[in-house]
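Letters go in sequence order (proteins before strands), and every chain restarts at 1.
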Protein chains: 2
Amino acid sequence: MAASRSKPAAEEPNRRADIVRAAGRLFHEKGYSATTIRDIAGAVGMRSGSPFYHFKTKQDMLRAVVLEGLTAISTAVAEAAHSGKSPRATFEAMLRAHLGQLLGIEGRDFAATLLHETRHLDPAVLAELVTLKDRYESMWQKALKDLKRAGLIADDSQVARLFLLGALNWTVQWYRPDGSRTIAQIARQLADLVLDKPRGK
Amino acid sequence: MAASRSKPAAEEPNRRADIVRAAGRLFHEKGYSATTIRDIAGAVGMRSGSPFYHFKTKQDMLRAVVLEGLTAISTAVAEAAHSGKSPRATFEAMLRAHLGQLLGIEGRDFAATLLHETRHLDPAVLAELVTLKDRYESMWQKALKDLKRAGLIADDSQVARLFLLGALNWTVQWYRPDGSRTIAQIARQLADLVLDKPRGK
DNA sequence: CCTACCGATCGGTAGG
DNA sequence: CCTACCGATCGGTAGG
């Protein structure tokens, strides 16, 4: 409702955003519990007590990281979903968008924390996430429905969606930015694997 | 090489195994870093110093849990792989075996810790795991090769294997034992999704 | 396997 | 945003 802070001038460094970014990286690398406030403070050149000027608790930092991850990936995939291309091209664009957030340098720490540290969220924050998460997953369910209608897939069930998102989300475990495969290539290969080849072509 | 302890009598409770089981459950539920020695001791009715009679460090407990998880799933899937059935039936049996360890009540805490807490392993222990893990993954690679030779799949690449294992391993995030789907049903559905229907049938 | 304990470190706070 | 600090808790140990 009310603005929580006065508008920062263009030059003014956003220390809060710095903390969220550092927290995201450390939560991703070491996990939430193994990351200390002193780690985060050190990463942005502060003393140990200072992050609490920007966040009330460590839990609030996790909340900020996870929300950033979920809104970023939702926005990216929603854009791809509404691109108005063919079902196959739309689907592949959604795969690219999801993988781009998950594996790309700008978003991966937020997204990976979202995937792996939700266990440490307070119940209240968790409830806050569920709505956003349901909305995100329904985008994929709709995409599968469209693919089935186009005859490109046999199974558009919820389990099929869970398998698909599993294959996608597991890429975090094995993808290496300096490896031989680009994100677009991975998206293409997964689309080939999941989609039936149209008969008689 | 040498037996590390004298053979326990049949009646004698195996306290070491109790600790490993409790540690597995807690590592799965709360994560390695968030689990304390006192949590584990309490779960088996000991005082806080006593687990160190059985394990030198907390890290050694993690090592025991993770090794238990990897050897159990390897054994189960290897048995399915050598069952001598058709490629399709063998593949589906392997899926069931993997999912059985991952989601079944006897093995899931070990398997889930294996999947999610390896980050906290000391480099030396991690190196120890790699050989076993490579051997396990090569079993799946071989299964894909056989499926391709049988004309049941188009892509038997490493990335295809990673997608498949991703879909499998992600089930930990959504499977509920009291849900409507059995492990065998999930295995069947994934096989249907991955395998091409033979043409002209 | 317990008792009693150690040094280190943790999240968080008061007061500036 | 820093200084200085608090109470709690941690992994681990000595001695029995």
Nearest-angstrom distance from the residue atom [atom1] of [X] to [atom2] of [N]:
{"X": "Phe52(A)", "N": "dC10(C)", "atom1": "CZ", "atom2": "P", "answer": "12 Å"}
{"X": "Asp39(B)", "N": "dT9(D)", "atom1": "CG", "atom2": "C1'", "answer": "11 Å"}
{"X": "Leu62(B)", "N": "dG11(D)", "atom1": "CG", "atom2": "P", "answer": "13 Å"}
{"X": "Asp18(A)", "N": "dC1(D)", "atom1": "CG", "atom2": "P", "answer": "9 Å"}
{"X": "Ile37(B)", "N": "dA8(D)", "atom1": "CD1", "atom2": "P", "answer": "22 Å"}
{"X": "Lys30(A)", "N": "dT9(C)", "atom1": "NZ", "atom2": "C1'", "answer": "12 Å"}
{"X": "Ile19(A)", "N": "dC1(D)", "atom1": "CD1", "atom2": "P", "answer": "7 Å"}
{"X": "Lys56(A)", "N": "dT13(C)", "atom1": "NZ", "atom2": "P", "answer": "9 Å"}

Of the listed nucleotides [options], the one nearest the side chain of [X]:
{"X": "Lys58(A)", "options": "dC10(D), dG11(C), dG12(D)", "answer": "dG11(C)"}
{"X": "Thr57(B)", "options": "dT3(C), dG12(D), dG11(D)", "answer": "dG12(D)"}
{"X": "Thr36(A)", "options": "dG11(C), dC1(D), dC2(C)", "answer": "dG11(C)"}

Any Leu62(A) side-chain heavy atom under 4.5 Å of Lys58(A) side chain: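 Sidechains of Lys58(A) and Leu62(A): no contact.
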
field: Residue pair Pro177(A) / Arg108(A), side-chain heavy-atom distance below 4.5 Å
entry: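 Counting from C-beta outward, Pro177(A) and Arg108(A) do come under 4.5 Å.
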
field: Comparing Ser48(B) and Gln59(A) on DNA chain C - which has the more 5′ nearest nucleotide
entry: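 It is Ser48(B), whose closest nucleotide lies nearer the 5' terminus.
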
message: What verdict does the salt bridge (charged side-chain N to carboxylate O under 4.0 Å, His left out) test give for Arg88(A) and Asp192(A), after you've listed the backbone C-alpha separation in whole Å, the side-chain angles of each residue and the deciding distance to 0.1 Å?
response: CA-CA 10 Å; Arg88(A) 152 98 206 196; Asp192(A) 283 339; 3.3 Å; yes

task: Under a 3.5 Å limit for both distances, which nucleotide forms a Watson-Crick or G-U wobble pair with dG16(D), could you say?
output: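 Its partner is dC1(C) (Watson-Crick or G-U wobble, both distances under 3.5 Å).
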
- request: Could you tell me which nucleotide pairs with dA8(D) by Watson-Crick or G-U wobble geometry, both distances under 3.5 Å, or answer none if nothing does?
  value: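 dA8(D) is paired with dT9(C).
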
query: So, Asp122(B) side chain and Ala124(B) main chain: donor-acceptor pair closer than 3.5 Å or not?
result: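 No, Asp122(B) side chain to Ala124(B) backbone: no donor-acceptor pair under 3.5 Å.
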
- request: Would you indicate what Thr35(B) reaches in the nucleic acid, counting non-hydrogen atoms under 4.0 angstrom: base, sugar-phosphate, or nothing?
  value: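 Touches sugar-phosphate only.
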
Phosphate OP1/OP2 of dT9(D) contacted by Arg38(B) side-chain N/O (<4.0 Å):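 Result: no.
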
- prompt: How far apart are the closest heavy atoms of Arg96(B) and Ala187(B), and which atoms are they?
  reply: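 For Arg96(B) and Ala187(B), the tightest heavy-atom pair comes out as CG-CB, 3.6 Å.
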
message: Taking the nucleotide of DNA chain D with the nearest heavy atom to each, does Gly49(B) or Arg47(A) sit closer to the 5' end?
response: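 Upstream on the strand: Arg47(A).
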
